[in-house]
Amino acid sequence: MPPPYAGLDLVSPIDNMEPQYALELTNVFPGAGAPTIRNGYTRFATIGTTNAIKLITTLHLANGTSQLVACTNNKIYSVSESGTVTDVTGTTLPTSGDWQTVTYANRLYLCNGVNNAQVFNGTTCSDVTFTGVAKSSLINVTAHKERLYFIEANTLKVWYGGLQVTGTGGTPALTSFDLQYVCTRGGYLVGIGSFTNSANLATQEYFWACTSEGEIVFYTGTYAGDPGTWGIVARYYIGRPLGYRAFVRVNNDIWVITEQGIVPLSGLFQSDPEAALNIVSQRVNPLISQYALSTPFDHQWTGFFWPQGRRVYLSIPTTGSGCKFLVYSIDTKGWTVFELYSDTHALAATAFKNLPFYASSIGEIWQGETGQADAVIASAGQSILFNGRTAFSFYGSRSNYKAFKDIRPIMRVRRGVTLNLGLDTDFRRQPTVSSVTTLPGNFTPWGSPWGSPWSSDIEYVFDRFAVKGQGHCAAVRFGGSIKNTSMQILGFEIRYDIGGQV
């Protein structure tokens, strides 16, 4: 049986799934080559307080360096690439850490609809100097064709600045553009941004605006105040977006996290909205909808693209102080679930220093995909838990009864690892699975004094274990915990006696 290299499948009939999919998959990444247990994470910095970090984001500076910006409900901090934390809060003390951000002219702009909009220049934060609207009413921000655009909270109004105007000096005025005369379903604006449509013969850059009711309008033209070029080119209706940050940039596309699933904007121009909903997230849309019922609109519905890891992370709120991740493989198009040692360790997340970074509900910042243990502080750490449940297979015959005898998991791992292993038969989840331990290895790690044949401690393991179960079909259940080792799952060999037709 193949490993679940294609990821989760929550929509196919349980008796007719392709064998490369999984009914359950946690902390197993279905990337290129073979499914692999995710790496661990280690503490990178603490901000000096136990307050919840509601946002972390990255500011790329003109000198080629980057800073991590971390926001609590009353402070804004910058964290250097070496982990040095600096309080950069300006004269306006925040009362909410639920900021929305954009980088423009090597500055980070922050809006939350409660406090005055801020701009961080790499050294300190200050209020933007724009006029024309209350700065505390600006709740989202983007940059389009060298201008800043802001959303006024609880309205359908967009406010835009002048060409290459930064709002860091003087009193430049913002100009309003009201979409209440355009949007037909009411509600208020949630997201705005730029989208490059490459589906046409000539690539075009559009300005888009999405309402709380899932209505998206696309504009072409130079800017909103230019009647000679500015005009609507498309309008679509999708599911309601799940938050102000539920717009995830993946390369040149935008993925909108909605109550129905993920809608890539590129898919809207290639097909109808219902078909677009199934382009990237078809097999996990039920999971998104399930969590959307309990948390229908939240700032923690967000995500980021990690290009070096060939994956996209989507944050799924699980409590008021934590999240888990729904992770997508760029290579296999498969989905899995990542759960950290504690959901509270992932209240916010972003990509920084070419790695995922997580922020906790008690002021900690973690560097992800680092090492082979979770929540590493100094030299200590927790084991990485994982589990999976493959598709059910009839092993070539739907009508014949089988008596299953043993199973051989084929893995690349350090010998001596302990697994939970078993079979579910005839679509029933068995109450227990067996705990098994692979045979110990006999090796001397490279660079160690000679004592046995030099080799890597990671090797191919294919020990065979007895299992019990009878039925027409079976699914492999596997799980366990690992620490200080990696693991690839390459497949399963299952032996059984075949009986008569029943």
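Everything numeric in this text was worked out from a predicted model, so none of it was measured. We number each residue from 1, following the sequence as shown.
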Donor-acceptor pair, distance only, cut-off 3.5 Å: does the side chain of [X] make one with the backbone of [Y]?
| X | Y | result |
| --- | --- | --- |
| Asn112 | Ser96 | yes |
| Thr36 | Ala34 | yes |
| Ser281 | Ile262 | yes |
| Thr89 | Leu93 | no |
| Ser289 | Glu259 | yes |
| Asn39 | Thr370 | no |
| Ser294 | Tyr291 | yes |
| Trp301 | Thr258 | no |
| Thr84 | Ser80 | no |
| Tyr206 | Gly193 | no |

With Tyr77 as partner, the option from Thr86, Thr49, Leu68 fulfilling side chain to side chain contact (heavy atoms under 4.5 Å, CB included) is Thr49
From [X] [atom1] over to [Y] [atom2], what is the distance, rounded to the nearest 0.5 angstrom?
| X | Y | atom1 | atom2 | value |
| --- | --- | --- | --- | --- |
| Asp272 | Leu277 | CG | CG | 10.0 Å |
| Cys71 | Asn51 | SG | CG | 12.5 Å |
| Tyr328 | Leu8 | OH | CG | 13.5 Å |
| Thr72 | Leu347 | OG1 | CG | 11.5 Å |
| Ser361 | Lys54 | OG | NZ | 10.5 Å |
| Phe386 | Ile384 | CZ | CD1 | 10.0 Å |

Is Arg107 positioned over the aromatic face of Phe120, cation under 6.0 angstrom from the ring centre and no more than 45 degrees off axis? no
Please confirm whether Arg311 makes a cation-pi placement over Phe29, using NZ or CZ under 6.0 Å from the six-membered ring centre and within 45° of the ring normal. yes
Dump the intermediate steps for side-chain contact (heavy atoms from CB on, under 4.5 Å) on Ile316 and Cys323, then the final yes or no. CA-CA 5 Å; Ile316 300 177; Cys323 298; 5.8 Å; no
How are the rings of [X] and [Y] set relative to one another: parallel (under 30°), tilted (30 to 60°) or perpendicular (over 60°)?
| X | Y | value |
| --- | --- | --- |
| His144 | Trp230 | perpendicular |
| Tyr313 | Tyr358 | tilted |
| Phe177 | Tyr219 | perpendicular |

Go through the steps to decide whether Val69 and Leu108 satisfy the test side-chain contact (heavy atoms from CB on, under 4.5 Å), and finish with yes or no. CA-CA 9 Å; Val69 179; Leu108 186 71; 3.8 Å; yes
Determine whether the side chains of [X] and [Y] contain a donor N or O and an acceptor N or O closer than 3.5 Å.
| X | Y | result |
| --- | --- | --- |
| Thr196 | Asn252 | no |
| Thr65 | Asn63 | yes |
| Tyr237 | Arg185 | no |
| Gln308 | Asn354 | yes |
| Ser266 | Asp253 | yes |
| His345 | Ser360 | no |
| Asn115 | Thr95 | yes |
| Asn116 | Asp127 | yes |
| Ser12 | Asp9 | yes |

Salt bridge (Lys or Arg N to Asp or Glu O under 4.0 Å) between Glu205 and Lys145: does it pass, once the steps are laid out? CA-CA 9 Å; Glu205 185 177 13; Lys145 293 190 175 180; 5.4 Å; no
Yes or no on side-chain contact (heavy atoms from CB on, under 4.5 Å) for Tyr149 and Tyr223, after CA distance, side-chain angles and deciding distance? CA-CA 10 Å; Tyr149 286 76; Tyr223 71 103; 3.4 Å; yes
Between Glu81 and Lys353, is there a side-chain N and carboxylate O pair less than 4.0 Å apart? no
Salt-bridge present (Arg235, Glu215; N to O < 4.0 Å): yes
Would you say the side chain of [Y] lies within less than 4.5 Å of the side chain of [X], judging by non-hydrogen atoms?
| X | Y | answer |
| --- | --- | --- |
| Glu152 | Val158 | no |
| Leu174 | Thr131 | no |
| Leu59 | Thr103 | yes |
| Val79 | Ile365 | yes |

OH (Tyr341) with more than 12 external heavy atoms under 6.0 Å: no
Working note: Asp226 + Thr229, criterion side chain to side chain donor-acceptor pair (under 3.5 Å); need CA distance, chi angles, decisive distance, verdict. CA-CA 6 Å; Asp226 182 2; Thr229 62; 2.9 Å; yes
One pair to check against ring pair (Phe, Tyr, Trp, His ring centres under 6.0 Å): Phe195 and Phe207. What are the steps and the verdict? CA-CA 6 Å; Phe195 169 69; Phe207 176 86; over 10 Å; no
For Arg38 and Glu369, run salt bridge (Lys or Arg N to Asp or Glu O under 4.0 Å): C-alpha distance rounded to whole Å, both residues' side-chain angles, the deciding distance at 0.1 Å, then the answer. CA-CA 7 Å; Arg38 67 160 175 82; Glu369 290 298 310; 5.8 Å; no
I'd like to check the side chain to side chain contact (heavy atoms under 4.5 Å, CB included) partners of Ala134; sequence neighbours left out, ordered by chain and number. Ser136, Ser137
Identified ring pair (Phe, Tyr, Trp, His ring centres under 6.0 Å) partner of Phe150 from the options Phe130, Trp159, Tyr160: Phe130
If I compare all heavy atoms of Leu189 with all of Ala209, which pair ends up nearest, and what's the gap? CD2-CB, 4.0 Å
Closest heavy-atom pair, Ile56 versus Ala70, reported as atoms and distance to 0.1 Å, is CG2-CB, 3.8 Å
One pair to check against ring pair (Phe, Tyr, Trp, His ring centres under 6.0 Å): Trp208 and Phe247. What are the steps and the verdict? CA-CA 11 Å; Trp208 60 267; Phe247 306 91; 5.2 Å; yes
Salt bridge (Lys or Arg N to Asp or Glu O under 4.0 Å) between Lys324 and Glu339, intermediate numbers included: CA-CA 5 Å; Lys324 64 175 65 174; Glu339 294 181 354; 3.0 Å; yes
Can Glu24 and Arg429 be said to form a salt bridge (Lys or Arg N to Asp or Glu O under 4.0 Å), step by step? CA-CA 12 Å; Glu24 300 171 15; Arg429 186 182 179 97; 2.7 Å; yes
